[in-house]
Amino acid sequence: MNSVKIGDIKIKNPIALSPMAGISSLPFRIICNEMGAGYCPTELVSARSIRYNGVGKSMRYMRISPEEEGITAIQLFGSEPDDFKAAIETILDTPVLKEVSIIDINMGCPVPKVVKTGSGSALMEDPARAAAIVKACKRTLENVCPNIPVTVKTRTGYNAEDNGKPDFAKALADAGCDMLCVHGRTRPQMYHGESSNQAIAVMREAVRDYKIPFFANGDICDTASAKRIIEETGCDGIMIGRAARGNPWVFEQVIAGLAGNGEPKYPDADEKKLMLMRELEGRMKYLPEEVAVREFRSVMPFYIKGLTGSAQIKVKLCSATGIEEIKEILGIV
Ligand SMILES: Cc1cc2nc3c(=O)[nH]c(=O)nc-3n(C[C@H](O)[C@H](O)[C@H](O)COP(=O)(O)O)c2cc1C
C-alpha cells in the first residue's frame, strides 16, 4: 500500500487499530504501535461529558502518550456541534491531551444508548447535523491548532436495506473532513453478519475526487482478508478491530504479508502470556489493581485462545481479583 497522509500527518503504515471500547486502552495502543500499526485511536468519549464535567471522568478513556504512541487520535461522540467545540477547547487546554495528533468523530456506533441521543450511527440519518459537527470541529481547531485533522468513522448504512451511503460520505467530505473510515456493516447488523466490501466501495467512489484518504474496516483478520478489502474497495488504508484483541501481532503479520515479505513467526504460548501481563501491568499504572484486573477479565480470554487448557484457564481468569493470582493461573513465576 502507498504511504498515507491524514491532513499533514504522515502515518507510518496505512494499517490502523480500529477504536474499541473496553479494548483500546493506552497500554494496548502502545503495544499495537510497536507492532507497526499506523495509529491507534482511543475508544469513543462523550463530547457532552467533557463539555459539562471536564476531562476528569473521561481521562481514563482518552489518556494518550505521544512519546510512546507516535501519532495519537482521540475519538469523540455526540450530536451537538457546540459540545464538540467545547470538548475540543477543553482537550486543547489540558496538558498532554493538547498534544493530540488527530480528532476522530464517531458516526458509526450502533449501541441504542448512543443512537437514541442522536449520536453515533444516528448521524447517518441527519447528514446536515453530521456536516455541522465536522465544521464545528474544523473551525475550533483552525483557530488554535490548524494542523490537527478531523476524521470520521462511520458505517455503510443506518437501515438494514442501506447499501452504502454515498451522499452521506460526500456531505462529510464537503464539510472538510480530512479522512473517512467506513465499516462495512449497517447499524442493525451491529457486529453480526458479513461486512460488505461492495457497500464500502460505493462510499469510497463517492469521495474519490476529494483526495482525502479513505480507510476500510470490517472482518480483516489476516493478510488474505486485508488484500481482499483493499482490492474490492480501492481504499487507501485499513483498520483492524476485533482480530487485534489479545493479538496485537496481527499488525506485524498483515504488514509483512501485504509487503510480500512472508509473515513473521506466530507468538508461542509464553509470548502470549507475557504480552497479557504487559497489558495488564500497563493498565495498573493508572487504575487500582482491583479495577484493572476486573476490567481486564473480558480481554484476557483473547490472549489465551488456542493455548492448551485454555477453557479451564479462562474460567479461572474470569474470577481472578489480583495480579499475583493471574500469574499463578498462567504459570508465570
Ligand atoms: C467491543 C467493541 C467496541 C467497539 N467500540 C468502538 C468505539 O469506541 N468506536 C468506534 O468507532 N468503533 C467501535 N467499535 C467498532 C470497531 O472499531 C470496528 O469498526 C468493528 O469491530 C468492525 O471491525 P472488525 O471486523 O475489524 O472488528 C467497537 C467494536 C467492538 C467489538
Side-chain angles (χ1 to χ4, degrees), residues 14-26 28-29 32 37-47 49-50 58 60-64 73-78 102-115 117 119-124 130 133 150-157 172 177 179-197 199-200 203 214-230 232-233 235 237-248 250-251 253-254 295-302:
I15 299 162
L17 175 69
S18 208
M20 284 177 288
I23 305 286
S24 300
S25 64
L26 175 57
F28 185 60
R29 298 191 328 257
C32 291
Y39 73 108
C40 306
T42 66
E43 65 183 75
L44 78 179
V45 184
S46 164
S49 173
I50 299 171
S58 312
R60 46 171 305 205
Y61 304 112
M62 60 175 171
R63 187 182 301 275
I64 53 169
I74 293 177
Q75 187 185 63
L76 299 173
F77 76 96
I102 296 169
I103 294 290
D104 185 50
I105 309 172
N106 181 307
M107 299 199 187
C109 181
V111 175
K113 195 173 76 182
V114 170
V115 173
T117 65
S119 313
S121 58
L123 287 165
M124 303 191 80
I133 289 172
V150 175
T151 61
V152 173
K153 180 163 172 287
T154 187
R155 288 185 173 236
T156 46
L172 297 172
C177 140
M179 172 276 209
L180 186 60
C181 175
V182 177
H183 168 200
R185 287 188 177 81
T186 59
R187 176 195 55 86
Q189 279 184 287
M190 305 282 284
Y191 301 105
H192 311 299
E194 256 182 54
S195 177
S196 167
N197 292 345
I200 298 174
M203 294 173 78
F214 184 96
F215 277 52
N217 163 244
D219 295 348
I220 303 167
C221 58
D222 53 17
T223 303
S225 48
K227 274 190 181 152
R228 202 161 46 241
I229 203 168
I230 295 164
E232 292 178 4
T233 68
C235 62
I238 53 177
M239 280 194 165
I240 302 178
R242 290 166 297 174
R245 291 179 298 189
N247 180 26
V250 71
F251 292 103
Q253 302 278 332
V254 171
E295 292 187 353
F296 201 47
R297 283 179 187 163
S298 61
V299 180
M300 288 188 284
F302 293 109

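When a ligand or atom number is given, it counts from 1 through the structure's own listing order.
With hydrogens and angles disregarded, a donor-acceptor distance shorter than 3.5 Å links the side chain of Thr156 to the backbone of Arg185. Checked by atom type and distance alone, the side chain of Thr233 never pairs as donor or acceptor with a backbone atom of Asn197 at under 3.5 Å. Counting only distance, with no hydrogens or angles, the side chain of Gln189 and the backbone of Glu194 share a donor-acceptor pair below 3.5 Å. A distance-only check finds no donor-acceptor pair linking the side chain of Arg155 to the backbone of Cys109 [under 3.5 Å].
Using a 4.5 Å heavy-atom cutoff, the side chains of Thr42 and Arg29 are in contact. For the pair Ile200 and Cys235, the minimum side-chain heavy-atom distance is 4.5 Å or more.
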### Query
After noting the C-alpha distance and the side-chain angles of Asp104 and Thr151, does the key distance pass the side-chain hydrogen bond (donor to acceptor under 3.5 Å, both in side chains) rule?
CA-CA 5 Å; Asp104 185 50; Thr151 61; 2.6 Å; yes

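In terms of protein heavy-atom proximity, atom 28 (C) of ligand 1 is closest to Tyr191 OH, 3.2 Å. For atom 9 (N) of ligand 1, the closest non-hydrogen atom of the protein is Gln75 OE1, 2.7 Å.
When the options Ile240, Ile105, Asn217 are ranked by their closest heavy atom to atom 18 (C) of ligand 1, first place goes to Asn217. When the heavy-atom distances from atom 16 (C) of ligand 1 to Pro19, Gly120, Gly241 are ranked, the shortest goes to Pro19.
Residue Ala21 has at least one nitrogen or oxygen atom sitting less than 3.5 Å from a nitrogen or oxygen atom of ligand 1, judged on distance alone.
Near Asp219, meaning under 4.0 Å from one of its heavy atoms, ligand 1 places the atoms 24 (P), 25 (O), 26 (O). For ligand 1, the atoms lying closer than 4.0 Å to a non-hydrogen atom of His183 are 19 (O), 20 (C), 22 (C). Remark: ligand 1 atoms within the under-4.0 Å shell around heavy atoms of Asn106 are 9 (N), 10 (C), 11 (O). Using a 4.0 Å cut-off to heavy atoms of Ser18, the atoms of ligand 1 that qualify are 16 (C), 17 (O), 18 (C), 19 (O). Heavy-atom contacts of Arg242 reach the following atoms of ligand 1: 21 (O), 24 (P), 25 (O), 26 (O), 27 (O), 31 (C) (cutoff under 4.0 Å). Remark: ligand 1 atoms within the under-4.0 Å shell around heavy atoms of Lys153 are 10 (C), 11 (O), 12 (N), 15 (C), 16 (C), 17 (O), 18 (C), 19 (O).
Atoms OG1 and CD, on Thr223 and Gln253 in that order, are 7.0 Å from each other to the nearest 0.5 Å.
Ligand 1 lies nowhere less than 4.0 angstrom from a heavy atom belonging to Ser195.
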